[in-house]
Amino acid sequence: MLDYSMKFRTLDTNLLHAGRPQPHIEGAVVTPIFQSANYLMGEEATYDAVRYIRLSNSPNHHTLQARLAAAESAESSLLTASGMAAISTAILSHVRSGEHLLTQRTLYGGTQSFLDQDASRLGITHTSIDVADPEGARSWERALTPQTRLIFVEAISNPLMEVGDLEAVVAFARGHGLVSVIDNTFATPVNFRPFELGFDLVVHSATKYLNGHSDLVAGVVIGSADAVDRVRHLLLHLGGSLDPNTCFLLERGLKTLALRVDRQNDTAARLARFLEDQPSVRQVNYPGLASSPGHRYARRLFSGFGGMLSFYLLNAGLAERFLERVTLAIHAASLGGVESLVVRPARSSHLGLEQAERDQLGITDDLVRVSVGIEDAEELIADFERALTG
Ligand code: PLP
């Protein structure tokens with residue numbers, strides 16, 4: 001039997017070695033791809049012990065799940081076929097029809113549409129709250145119902161880069177017996193580890209930073225063994241598991257997470273400061289800027305402010321012109337890869353929301369979101385300067 005319990009003291013080392021199969025499989029230095037749907041039967045006592053890809057128990061799954069749990073300082077993790085599979089399965093496994101959840105006011109558009117359109121069809125309702133409001137706990141209490149079971153937030157919200165009072169969220173959840181779930185995609189475990197703060201479940205779109213190369217779709221749910229087992233039970237039946245080939249690619253990408261994110265933190269901070277000084281820019285959203293409302297929380301809880309930022313131009317025409325003129329950064333959806341991307345969230349990640357809802361949230365046509373890559377910072381800033389002023 002292979003052993004996957006290897007774990008080290010630091011995140012940098014865990015990203016490379018935690019969960020490494022012991023002994024090495026046929027002496028291989030990296031985990032080989034186990035492209036086998038099924039395995040010889042043994043003395044399995046439970047259904048999920050039967051070895052089968054959908055049950056997320058190949059050596060590729062075991063290695064990567066142990067590594068991701070170690071990265072977030074948690075007990076357990078479960079890979080999923082996408083970030084949305086992680087989010088929807090985590091929520092549905094902890095909330096049933098007739099129950100209610102509290103959610104952050106702005107969320108990734110897919111999560112918001114899932115809650116508005118799909119969870120509501122299953123009889124699961126939600127109320128959005130302002131998690132950045134220091135007086136929030138009182139308004140959060142007003143949003144509670146006897147059926148409230150869960151609170152869902154993002155560490156850094158997509159696309160406005162809000163950072164809430166996350167310590168208060170954990171305390172509130174504990175005080176009211178709610179399961180606390182946080183999407184840590186934008187912050188990454190390099191900058192913030194929510195399980196250490198007391199969140200029950202951490203979800204990621206591993207498509208983004210964890211992989212870092214814009215060439216796969218994957219997700220992960222991380223937390224205590226009990227909470228993750230509950231998600232696993234539902235995932236087995238909903239079927240959103242990850243295939244071993246993609247596990248292999250994700251394991252490879254994950255090894256350089258700390259190097260990539262450190263560089264992206266630095267470049268994003270420089271780009272945010274540059275943008276703040278541009279006359280055609282109305283506002284920059286970046287948790288590392290003192291002008292950002294979430295800065296006070298981010299400064300206390302995060303070790304870096306991330307590679308994502310967004311900014312409002314003076315009008316939608318200028319935003320369109322910027323996207324046409326920018327040459328180094330690529331005009332494309334998604335984020336978290338090694339190449340810089342620029343996009344208008346109103347035309348991509350939040351296109352599924354009604355226009356009125358987008359306007360009310362501030363996701364307007366003059367808003368541009370940037371996913372900072374690992375290019376030379378000066379060259380990237382020069383490209384932005386040309387596109388804004390040329
Ligand atoms: N969470 C956040 C913050 C995202 O930005 C995204 C996608 O953009 C998702 C979740 C969904 O991830 P996936 O596309 O892997 O399903």
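First listed ligand is number 1; within each ligand, the first listed atom is number 1. Numbers for residues simply follow the sequence, beginning at 1.
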Is the closest heavy-atom distance from [X] to ligand 1 below 4.0 Å?
X    : answer
I87  : yes
H204 : no
A218 : yes

More than 12 non-hydrogen atoms from neighbouring residues, nucleotides or ligands closer than 6.0 Å to [atom1] on [X], yes or no?
X    : atom1 : value
R96  : CZ    : no
H233 : NE2   : no
E378 : CD    : no

Working for ring-ring contact (aromatic ring centres under 6.0 Å, His included), residues H295 and F305: CA-CA 9 Å; H295 181 64; F305 300 113; 5.6 Å; yes
Protein contact to atom 5 (O) of ligand 1 [nearest heavy atom, distance to 0.1 Å]: N158 ND2, 3.0 Å
Closest approach of any protein heavy atom to atom 11 (C) of ligand 1, naming residue and atom: Y108 CE2, 3.5 Å
If we only count N/O pairs under 3.5 Å, is [X] in contact with ligand 1?
X    : value
T207 : yes
D183 : yes
M84  : yes
F186 : no

S340-E375 side chain donor-acceptor pair, cut-off 3.5 Å: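 The criterion, which ignores hydrogens and geometry beyond distance, is satisfied for E375 and S340.
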Enumerated ligand 1 atoms positioned under 4.0 Å from heavy atoms of S82: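 Those qualifying, in numeric order: 15 (O), 16 (O).
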Proximal ligand 1 atoms for K208, defined as those under 4.0 Å from one of its heavy atoms: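 Under 4.0 Å from K208, ligand 1 has these atoms: 6 (C), 7 (C), 8 (O), 14 (O).
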F322-F311 aromatic ring centre distance below 6.0 Å: yes
Nearest heavy-atom neighbours spanning L235 and S56: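 Closest approach of L235 to S56: CD2-OG, 4.2 Å.
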Inter-residue atom distance Q65.CD - L79.CG, 0.5 Å rounding: 4.5 Å
